[in-house]
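Reading through the structure tokens given below for one structure.
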There are 2 protein chains.
Amino acid sequence: MQAQKKKTIRYHHGDLQNALIAATLDLITEQGNEAFTIREVARRAGVSHTAPYRHFTDKAALLAVVARQGFDMLVEHLLTRIANFPDDPLMRFKYSGIAYIEFAVDHPAHYRVMFGPDKSGSRENAAVRKSADTAFQILLDCIEACQAGGLIRPGNSMEMALSAWSMVHGFSMLLIDRFVRETPTPGQDLADMMSLVTDSLYFGLKTEKTD
Amino acid sequence: MQAQKKKTIRYHHGDLQNALIAATLDLITEQGNEAFTIREVARRAGVSHTAPYRHFTDKAALLAVVARQGFDMLVEHLLTRIANFPDDPLMRFKYSGIAYIEFAVDHPAHYRVMFGPDKSGSRENAAVRKSADTAFQILLDCIEACQAGGLIRPGNSMEMALSAWSMVHGFSMLLIDRFVRETPTPGQDLADMMSLVTDSLYFGLKTEKTD
DNA sequence: ACCTGAACACCGTTCAAGT
DNA sequence: ACCTGAACACCGTTCAAGT
């Protein structure tokens, strides 16, 4: 808990804290969420299996740091992607969804830790929730900007944001967990698929006059 | 593998196979997916920790049986729920989504095994995939019936089904994993929320003339 | 045919001890 | 201040042995 606040922690090989985080991501990327063990991560970082406990109170604390890092990366990716459309709220809404799926597909290890089964309480971790809320707020802002411009139906923006989140989260999980393997139509690529899926919702929320 | 084919397997206390499945569901319901261990399940069934290996080749095989059972239950629930609207394809489409979320919320332990991280290969298990495909086919049929009646936009029904599945799956996961805890508007209940979320998509796919 | 106990190679976590 | 080794209570899985 407290250890994470310190900027740099040195050990005889350098920065163990970050070495452990990097090893965690490598391990999850290579072998999935289940393969992550403190002992294997320590092995990869070249330290004894008890050394990680100097930096993280337990396994859950290490995962919580990875989850928060993931949400921060997601926020950054979303902001970068929607910055391309400063004058078009509807495009910002659409691309926030596409950017979300892009993030999940590009960083499946992070995504699995962020949304995977909550081993013990990163869902309760204040820092993690704060980063997650920031990401959700971006989506909400996009929707409300559209409503202000008459581009999306009036109505409860929270409900709409929840619908949008459900869709991109569900699609991301189906992709990552290999439930969806192929594009519905031959010749499509992943980018086409992301547009198709997000468009289904986008048509559902926008007003008729924007057709 | 072969053991599962036999209808009834007796041991000194009765039907160990089903006792193990029941204990698995109890355990996952009580303490989450991580708490499931062969040894604990055996303990609850009152047998030695090696006895389960007489009935399931390994941990993954037990989970695969639970997953297939879950998909079969899902299919049954979907069919029951849409049977209420024999003459209204649009209502069948809408209620297939609601019924899906109902199933996930009512059977979170099954749902987590069905869609949770694939410990090792229930995703590849032919019987599991077959049951899952049957469920997906129900959704596809609903959409195609709507299209035949001019109630949903023409277009690739696979893509639409994928969008719909993404949304209900995402919403289910967010609910089960406690990312979504409260209704967006005070006074709403879960049924309201399910309608709101599925309606967002439903409006996106239907034709204008059905308004 | 079905079940058990010992055994093996793993875990997470704690703690006294080393530098 | 940071790291280690031994120790404890767990896992999944195998296998020879019991009834």
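Here the structure is a predicted model, which is why all the values come from computation and not from measurement. Letters A, B, ... are given to chains in the order of the sequence lines, protein chains preceding strands, and every chain is numbered from 1.
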Should the pair B:Asp72-B:Arg68 be classified as a salt bridge under the 4.0 Å nitrogen-to-oxygen rule? yes
Okay, side chain of B:Arg92, backbone of B:Phe85: is any donor-acceptor separation there less than 3.5 Å? yes
Of the candidates C:dC11, C:dG12, C:dG5, the side chain of A:Arg43 sits closest to C:dC11
Protein-nucleotide distance (A:Gln31, atom CD; C:dC10, atom P), rounded to Å: 13 Å
B:Glu40 atom CD is separated from D:dG12 atom P, nearest whole Å, by 10 Å
Does B:Arg54 put a side-chain nitrogen or oxygen below 4.0 Å from OP1 or OP2 of D:dT13? no
Return yes if the base of C:dG12 and the side-chain atoms of A:Thr37 contain a donor-acceptor N/O pair under 3.5 Å, otherwise no. no
Please state whether the base of C:dT13 and the side chain of A:Arg39 form at least one donor-acceptor pair under 3.5 Å? yes
So, does A:Gln147 use its side chain to make a donor-acceptor pair with the main chain of A:Arg153 at under 3.5 Å? yes
Would you say the ring centroid of B:Phe171 lies under 6.0 angstrom from that of B:Phe179? no
Which nucleotide, in any strand shown, forms a Watson-Crick or G-U wobble pair with D:dC11, with both distances under 3.5 Å? none
Calculate the interatomic distance between B:Ile38 atom CD1 and C:dC11 atom C1'; express it in whole Å. 16 Å
For atom OH of B:Tyr53 and atom P of C:dG5, their distance in whole Å: 16 Å
Whole angstrom is fine here: how far is it from CG in A:Asp58 over to P in D:dA9? 20 Å
Return the nearest nucleotide to the side chain of A:Ser48; candidates are C:dG12, D:dT13, D:dT4. D:dT4
D:dC11 C1' sits how many Å from A:Lys59 NZ, rounded? 11 Å
Rounded to the Å, how far apart are B:Phe56 CZ and D:dT13 C1'? 16 Å
Give a yes or no answer on whether the side chain of B:Asp177 reaches the backbone of B:Leu174 with a donor-acceptor pair at less than 3.5 Å. no
Between P of D:dC2 and CD of A:Gln17, the distance in whole Å: 11 Å
Identity of whatever pairs with D:dA16 - Watson-Crick or G-U, under 3.5 angstrom: C:dT4
Return yes if the base of C:dT4 and the side-chain atoms of B:His49 contain a donor-acceptor N/O pair under 3.5 Å, otherwise no. no
